[in-house]
Amino acid sequence: MTKIALLPSGSVSDEAARYLFEGQEAQYEYHKLIANVFLSTANGTTDYSIIPIENTIEGSVTLHTDWLVHEVDLPIQAEWVYPSIQNLISRKEEVTDENNKLDYGRIVKVLSHPVAMAQCLQYLREHLPHAEQEHVSSTAEAVRIVRDNPGKGWAAIGTTIAAANNGLEILEQGVTDHDNNFTRFLLVGNRPFTERQSDVQKTSILVTLPEDFPGALSQVLSAFAWRRINLTRIESRPTKKKLGTYYFFIDINMSLDSVLLPAAIEEIEALGCQVRVLGSYPSFTYPINEG
Ligand SMILES: O=C(O)C(=O)C[C@]1(C(=O)O)C=C[C@@H](O)C=C1
């Protein structure tokens with residue numbers, strides 16, 4: 001039985017996990033905090049952690065990226081994309097008028113995960129500018145808090161499953177500011193993911209440039225460019241050691257088993273850069289591309 005650590009039941013992570021592991025025997029271990037999701041796999045209690053890493057509207061989830069890099073050493077075993085459908089959730093009787101129509105004025109506070117909230121900022125500005133916004137550790141946690149605080153005019157942004165699990169109602173469906181809102185999830189852990197095959201393989205590396213080397217980044221990129229290796233993302237994050245020093249998180253559309261990629265990495269190391277491979281893994285799009 002595969003054991004999987006993730007954010008609470010009814011979170012987008014929970015929906016996404018069930019999608020990847022559909023039809024397989026999996027046991028889910030839910031945690032309120034992403035730190036405990038990572039630690040559960042790092043200390044061997046679970047085989048994998050499910051980590052939301054990037055969203056169409058909000059971009060990278062930097063807290064999670066930093067945990068992956070600084071706090072744990074868990075290889076990436078798969079990535080997949082899953083739609084983030086967010087809804088405004090509360091109790092109808094609390095926030096509707098005599099004609100049973102939603103009265104935004106009765107909502108005094110909206111709770112959600114910061115990344116989910118950021119996906120709905122225009123909606124909130126337009127309809128709920130007066131409402132306080134409170135960030136909590138997951139969308140599922142936001143819905144649970146609203147359930148436990150009746151009569152206060154609180155609403156959550158979260159999933160349909162979380163609303164149903166907590167006996168609350170969807171006041172408005174699909175409240176994100178853009179359609180086609182997807183989140184990219186990583187499966188991290190020490191066990192290779194062989195349950196599903198994909199025709200797309202990716203590799204993620206972390207590159208630290210040598211100090212005082214003009215043009216170093218350009219030379220790193222040219223090691224990929226002249227080999228015609230396709231990069232899908234490059235992101236800089238602070239090393240946290242000294243102001244102004246960064247490492248580069250690079251996603252590459254190629255397996256580490258290919259001849260080209262190890263040669264490119266060798267060339268980059270020869271420039272004096274440090275390279276850490278974070279994983280080489282199958283990549284699944286939505287709906288899942290099995291190949
Ligand atoms: O709170 C949740 O439901 C989560 O799974 C977390 C998370 C995230 O951290 O990016 C995942 C996807 C959503 O788009 C918003 C929040």
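Every number for a ligand or one of its atoms is a count from 1 in the order of the listing. Just so you know, these numbers come straight off a predicted model, no measurement behind them.
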List the closest protein heavy-atom neighbour of atom 16 (C) of ligand 1: residue, atom name, distance to the nearest 0.1 Å. His113 ND1, 3.6 Å
Shared hydrophobic cluster, Leu63 / Leu68 (ILVMFWY, side-chain heavy atoms < 4.5 Å): yes
All side chain to side chain donor-acceptor pair (under 3.5 Å) counterparts of Thr159, not counting sequence neighbours: none
Pick one of side chain, backbone, both or neither for how [X] approaches ligand 1, counting any non-hydrogen atom pair under 4.0 Å.
| X | answer |
| --- | --- |
| Glu141 | neither |
| Thr183 | side chain |
| Thr139 | both |
| Ser138 | both |

For Gln119, is the nearest heavy atom under 4.0 Å from an atom of ligand 1? yes
Below 4.0 Å from ligand 1: does a non-hydrogen atom of His64 turn up there or not? yes
Using the rule given for side chain to side chain contact (heavy atoms under 4.5 Å, CB included), can you reason through Tyr48 versus Phe21, listing the C-alpha separation, both sets of side-chain angles and the distance that settles it, and then say yes or no? CA-CA 12 Å; Tyr48 299 117; Phe21 283 92; 4.1 Å; yes
Phe249 six-ring face occupied by Arg237 cation (under 6.0 Å, within 45°): no
Is the charged tip of Arg18 near the ring of Tyr28: under 6.0 Å from the six-membered ring centre and within 45° of its axis? yes
Would you check whether Phe185 has a nitrogen or oxygen atom less than 3.5 angstrom from a nitrogen or oxygen atom of ligand 1? no
Decide whether an N or O pair under 3.5 Å exists between Ser13 and ligand 1. yes
Using a strict cut-off of 4.0 Å, indicate which atoms of ligand 1 neighbour a heavy atom of Pro52. 6 (C), 8 (C), 9 (O), 10 (O), 11 (C)
Within a distance under 4.0 Å of any heavy atom of Leu7, pick out the atoms of ligand 1 and give their elements. 4 (C), 5 (O), 6 (C)
What residue among Phe284, Phe185, Tyr286, Tyr281 forms ring pair (Phe, Tyr, Trp, His ring centres under 6.0 Å) with Trp80? Phe185
Tabulate below the donor-acceptor pairs under 3.5 Å that side-chain atoms of residues 105-121 make, not counting sequence neighbours, or state none.
{"from": "Arg106", "atom 1": "NE", "to": "Asp103", "atom 2": "OD2", "distance (Å)": "2.9"}
{"from": "Arg106", "atom 1": "NH1", "to": "Thr96", "atom 2": "O", "distance (Å)": "3.0"}
{"from": "Lys109", "atom 1": "NZ", "to": "Glu134", "atom 2": "OE1", "distance (Å)": "2.6"}
{"from": "Ser112", "atom 1": "OG", "to": "Ile157", "atom 2": "O", "distance (Å)": "2.8"}
{"from": "His113", "atom 1": "ND1", "to": "Val115", "atom 2": "N", "distance (Å)": "2.9"}
{"from": "Gln119", "atom 1": "OE1", "to": "Asn181", "atom 2": "ND2", "distance (Å)": "2.8"}
{"from": "Gln119", "atom 1": "NE2", "to": "Asn55", "atom 2": "OD1", "distance (Å)": "3.4"}
{"from": "Gln119", "atom 1": "NE2", "to": "Val115", "atom 2": "O", "distance (Å)": "3.3"}

Name the option, out of Ser137, Ser84, Ala162, that contains the heavy atom nearest to atom 13 (C) of ligand 1. Ser84
Out of Ile205, Leu260, Thr232, which one pairs with Ile252 under the side-chain contact (heavy atoms from CB on, under 4.5 Å) rule? Ile205
